[in-house]
Amino acid sequence: MTVTRFAPSPTGHIHVGNLRTALMNFLIARQSGGEFILRIDDTDPERSKEEYVDAIKEDLEWLGLHWDRVERQSDRLDRYAAAADELRAKGRFYEAFETPVELDLKRKKQLNMGKPPVYDRAALSLSDAEKDALRAERGQGVWRFKLDHARIEWTDGVLGDISIDAASVSDPVLIRQDGQVLYTIASVVDDMEMGVTHVVRGSDHVTNTATQIQIIEALGGTPPSFAHHSLLTGPQGEALSKRLGTLALRDLRARGVQPMALLSLMARLGSSDPVELRDDMGALIDGFDITKFGSAPTKFDVEDLFPLTGRYLQTLALEDVADTVRDIGVPDELAERFWTVTRENIQTLHDLEGWWVRLRDGAEPVIADEDRDFISQAMSLLPDAPFDDGTWSSWTSAVKEATGRKGKGLFMPLRLALTGQARGPEMADLMPLMQVVKARG
Ligand code: GLU
């Protein structure tokens, strides 16, 4: 059975970059009737916050990315300790005592000599007596995994065949000086014990994957399939990392982005398939193919979400948005008509309120100086209520006749005078609705 996981660290709100990872893992599991685990990577007690765990769940639920079970790394510390013991017993784990300053110095020296800044394994040649002395002086050391200096190879679901020389990578620290277990080993133990078959994550994890493959093998396991998707950039190709804070899923939700618009974009962006709006999860699952994704950084423009959201909203019936329509104050008997008239001219549901207020209170007319006479002439030709579907057409014909104006020069000033907006629903539909709302008082 296919088992995937989304493994956020609850140290902040999740953003579009995380969503890409979550969605791909979700879709792969659902495509094959497999299992999708939400794994909370909370081994860092200082940075992990319960409020972020709740927020992550809320964001995923909003999107409909339902998980089959939740696992928390903080509940599994004994499992990681057992794995550490196993690596120790197998001679693949060693204690090292260099301070961060010393390590930094070593790195600088190596770089000056044109060498890659790889940990030199000096700790491996310490005698027991030397270790005791260092421990007495500096306290506990960190624990490093001893890589086997061979090539580490795998066929990546996105990047294709990968081959990394283990000697070009530092032996990873798996346990910090204060005893805190680090992600690299915790994740491996979880993936093995939870039967994870496919790991999709960002390409910033490629080196982790290389070391994790060796750790899994050292622990007697079989590595899962790995796929590393490219990282998102801004629309100009600029790094997104600094802006991700403003691209939190909850901010997009607050701006009115609809889940299916966001998911439709993220399930295709960076692949050779075109972005197509899907209005249900089943279609999204069926149409997903990770092999179509490329390794080049993927440009993401948050503004693309709004027209997609608008198109999604057009597919909805009143019952899908009835709460919003009621909340902004539209009386039930006008709700159907209001929604039908406005839905093609909104990008998000937030835009509905503006249209309702304009209908209810009357719009602030916008009249250019050169249109003043024209508008007063037009108003004198306005037929008496009640208005119907034909009112706009017969009125504008009469105005055209009387003023000689036509096309945009005729319609736009009238639209601006009646709605205060240069764009909006069909005037033929809007006019009778305006009048009905006004007549209600
Ligand atoms: N907690 C890790 C992260 O957010 C998980 C990476 C992984 O998928 O293994 O980067």
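In each ligand, atom 1 is the first atom listed, and ligand 1 is the first ligand listed.
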Q.
Distance under 4.0 Å to a non-hydrogen atom of Ser187: what atoms of ligand 1 satisfy this?
A. 9 (O)
(Q) Give me the nearest non-hydrogen protein atom to atom 6 (C) of ligand 1 as residue plus atom name, then the distance to 0.1 Å. (A) Tyr183 OH, 3.2 Å
Q: Starting from atom 5 (C) of ligand 1, locate the nearest protein heavy atom and write down its residue, its atom name and how far away it is, to 0.1 Å.
A: Ala7 O, 3.2 Å
(Q) Take a 6.0 Å sphere around CZ of Arg79 and say whether it holds more than 12 heavy atoms from other residues, nucleotides or ligands. (A) no
Q | For atom 8 (O) of ligand 1, closest protein heavy-atom neighbour | A | Arg5 NH1, 2.7 Å
Q.
Taking distance alone, with N or O pairs closer than 3.5 Å, would you say Val200 contacts ligand 1?
A. no
Q | side chain to side chain donor-acceptor pair (under 3.5 Å) between Thr233 and Glu238, intermediate numbers included | A | CA-CA 5 Å; Thr233 70; Glu238 70 279 21; 5.6 Å; no
(Q) Nearest 0.5 angstrom please: Phe288 CZ to Leu284 CG, how far? (A) 9.0 Å
Q.
Between Phe93 and Trp143 (judged by ring centroids, cut-off 6.0 Å), do the two rings come close enough to count as a pair?
A. yes
Q) Can you list the ligand 1 atoms lying under 4.0 Å from a non-hydrogen atom of Arg201? A) 7 (C), 8 (O), 9 (O)
Q | Shortest protein contact, atom 10 (O) of ligand 1 (heavy atom only) | A | His205 NE2, 2.9 Å
(Q) Suppose I only count heavy atoms of Asp41 and a 4.0 Å limit; which atoms of ligand 1 are within that range? (A) 1 (N), 2 (C), 5 (C)
Q.
When you compare the side chains of Ser187 and Arg39, does any donor N or O come within less than 3.5 Å of an acceptor on the partner?
A. yes
Q: Identify whether NZ of Lys or CZ of Arg in Arg144 sits under 6.0 Å from the centre of the six-membered ring of Tyr119 and within 45° of that ring's axis.
A: yes
